Amino acid sequence: MGEKVYVGVDLGGTSIKVGLCDINGKLLHTYEGPTGTEHGADVVLENIASYVRKLISDTSYDWEQVAGIGAGIAGFMDIPEGFIKLSPNLGWRNVPVKKILEEKLGKTVKIDNDANVAALGEAWSGAGAGIPNLVCYTLGTGVGGGIIIGGKIYQGFKGMAGELGHMRLVPDLEAIQCGCGMNGCLETVSSATGIIRMAKEAVERGEHTSLALVEGIMAKDVFDAAKSGDDVAQRIVNRAASYLGKSMAMVSVILNPQRYIIGGGVSKAGDILFDAIRHYFHEYAQETASEGVDIVPATLGNDAGVVGAAGLNLHS
């Protein structure tokens, strides 16, 4: 038998992406197809099995060379048992994903939260390659996170470790309710959703800003306005960055990671965001916990999930 290869599955609400990685985390080949969520869990799991087999058949590798399969899924799960307790995106409840896929494919299958596997992908062969202790933030519709300790995902007692977006940081007088039901979560101010909300509120208050001329404000519009010198937009960016920096300062005195990696759509804002986060991190952080720590953008983009899922059989 030739070299071992590993398959990763990035299970999304509308599409399933599968990828083949070598032992060093190099992405060799990908395949993508529709999820079929509307047809129920049985059809989706059959689609996964079909796409995985198609992935291998499209390469020069043999099925016997596949050493393991991993899947990243958004939702609440019993990770050791491979059981999805609830996935709102998929409409799933109590689905034994690991057992079903192992029966369909005849290979060892591991599952984990989508944010965790994205973090593992970056740690394996992305912006965190060679760094054993790091924390990843994913800034998109919400704020996701993943913790890597000793090169492995840290899941905590019940798999809730790394829910960075639900650190309650915003003071009560400024706090709004988060989608999780709590008030003042990081996600409410530092996600794309939070940034857009703050921009719309500023426009509604009649503040003098170029954003008032933008129809259907997006987070990118806010960053573009800030880069152009718009005071209101700059204030919003600084507020989002200040809470991210503060959250990292808190994480640093607990875990003391060497690197923070930031991915997701909001991270594409570039230096105007990263410079502000670094500034606030060092302002809030205990000096010995922040010394030598860097904050960098993710590098794998949309491939982070599939690469990290493939790595579950090596690094979990």
Side-chain angles (χ1 to χ4, degrees), residues 7-19 27 30-55 69-79 82-101 104-105 109-122 136-146 153 159-160 162-166 178-181 185 187 191-194 196 216 218-220 263-268 298 300-310 312:
V7 174
V9 179
D10 187 355
L11 177 55
T14 57
S15 67
I16 298 167
K17 183 176 183 179
V18 294
L27 187 59
T30 62
Y31 179 80
E32 193 164 345
T35 304
T37 308
E38 67 276 13
H39 301 299
D42 290 342
V43 170
V44 173
L45 293 169
E46 184 56 45
N47 285 342
I48 291 174
S50 174
Y51 299 161
V52 169
R53 291 191 180 278
K54 169 67 173 169
L55 173 76
I69 298 167
I73 306 168
F76 300 97
M77 58 190 71
D78 182 329
I79 293 171
F83 214 88
I84 302 298
K85 293 182 175 180
L86 175 65
S87 177
N89 289 354
L90 298 170
W92 288 7
R93 189 181 292 272
N94 299 324
V95 179
V97 173
K98 173 181 170 69
K99 178 176 181 291
I100 294 171
L101 287 180
K104 290 180 179 294
L105 293 167
V109 174
K110 292 191 175 184
I111 69 168
D112 209 317
N113 178 275
D114 58 340
N116 282 347
V117 299
L120 181 59
E122 291 290 344
C136 288
Y137 283 71
T138 303
L139 308 181
T141 304
V143 175
I153 296 170
M160 285 295 291
E163 291 290 347
L164 305 175
H166 299 292
C178 178
C180 73
C185 292
E187 187 169 291
S191 64
T193 307
I196 292 167
M218 304 297 287
K220 183 179 183 300
V266 173
S267 70
K268 295 176 183 177
L300 293 182
N302 292 332
D303 291 331
V306 75
V307 171
L312 286 174

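As the structure is a prediction and not an experimental result, all values here were calculated from the model.
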>> I need the single residue from Val307, Ile153, Asp112 that forms a side chain to side chain contact (heavy atoms under 4.5 Å, CB included) with Leu120. Which is it?
In response: Ile153
>> Restricting to non-hydrogen atoms, name the atom on Glu122 and the atom on Gly301 that form the minimum distance, rounded to 0.1 Å.
In response: OE2-N, 4.1 Å
>> Within this structure, what is the OG1-CG distance for the pair Thr138 and Asn116, rounded to the nearest 0.5 Å?
In response: 9.5 Å
>> Suppose we screen for salt bridge (charged side-chain N to carboxylate O under 4.0 Å, His left out). Which residues come up paired with Lys104, at least two apart in sequence or across chains?
In response: Glu46
> For Gly263 and Ala298, which heavy atoms make the closest approach, and how far apart are they?
Replying inline: CA-CB, 3.7 Å
>> Rounded to the nearest 0.5 Å, what separates atom CG in Leu45 from atom NZ in Lys99?
In response: 11.5 Å
> So, do Leu27 and Val306 sit near enough that their side-chain heavy atoms are less than 4.5 Å apart?
Replying inline: yes
>> Once rounded to the nearest 0.5 Å, what's the spacing between atom CD1 of Ile79 and atom CD1 of Ile84?
In response: 8.5 Å
> OG1 of Thr14 to CD of Glu38: how many Å apart, nearest 0.5 Å?
Replying inline: 10.5 Å
> Minimum heavy-atom separation for Gly140 to Ser191, with atom names?
Replying inline: O-CB, 3.4 Å
> In Å, rounded to the nearest 0.5 Å, how long is the span from OG of Ser87 to CG of Asn94?
Replying inline: 12.0 Å
> Can you name the closest pair of heavy atoms from Val143 and Tyr137 and give their distance?
Replying inline: CG1-CD2, 4.1 Å
>> Applying side chain to side chain contact (heavy atoms under 4.5 Å, CB included), can you list everything that pairs with Asp114, at least two apart in sequence or on another chain?
In response: Ala74
> Yes or no on side chain to side chain contact (heavy atoms under 4.5 Å, CB included) for Glu187 and Thr193, after CA distance, side-chain angles and deciding distance?
Replying inline: CA-CA 8 Å; Glu187 187 169 291; Thr193 307; over 6 Å; no
> Run the side chain to side chain contact (heavy atoms under 4.5 Å, CB included) check on Thr35 and Leu90 step by step: do they pass?
Replying inline: CA-CA 9 Å; Thr35 304; Leu90 298 170; 4.2 Å; yes
> Which heavy-atom pair separates Trp92 from Val97 by the least distance, and what is that distance?
Replying inline: CZ3-CG2, 3.7 Å
> Are side-chain heavy atoms of Asn302 and Asp10 found at a separation under 4.5 Å?
Replying inline: no
>> Rounded to the nearest 0.5 Å, what separates atom NZ in Lys98 from atom CG in Asp78?
In response: 11.0 Å
> Is the CZ atom of Phe83 crowded by more than 12 outside heavy atoms at less than 6.0 Å?
Replying inline: yes
> Are any non-hydrogen side-chain atoms of Asn89 and Thr37 less than 4.5 angstrom apart?
Replying inline: no
>> Which heavy atom of Gly165 sits nearest to which heavy atom of Cys185, and what is that distance?
In response: O-CB, 3.3 Å
> Applying the side chain to side chain contact (heavy atoms under 4.5 Å, CB included) test to Lys17, which of Leu11, Val9, Asp303 qualifies?
Replying inline: Asp303
>> If we ignore hydrogens and angles and just use 3.5 Å, is the side chain of Tyr51 paired with the main-chain N or O of Pro34 as donor and acceptor?
In response: yes
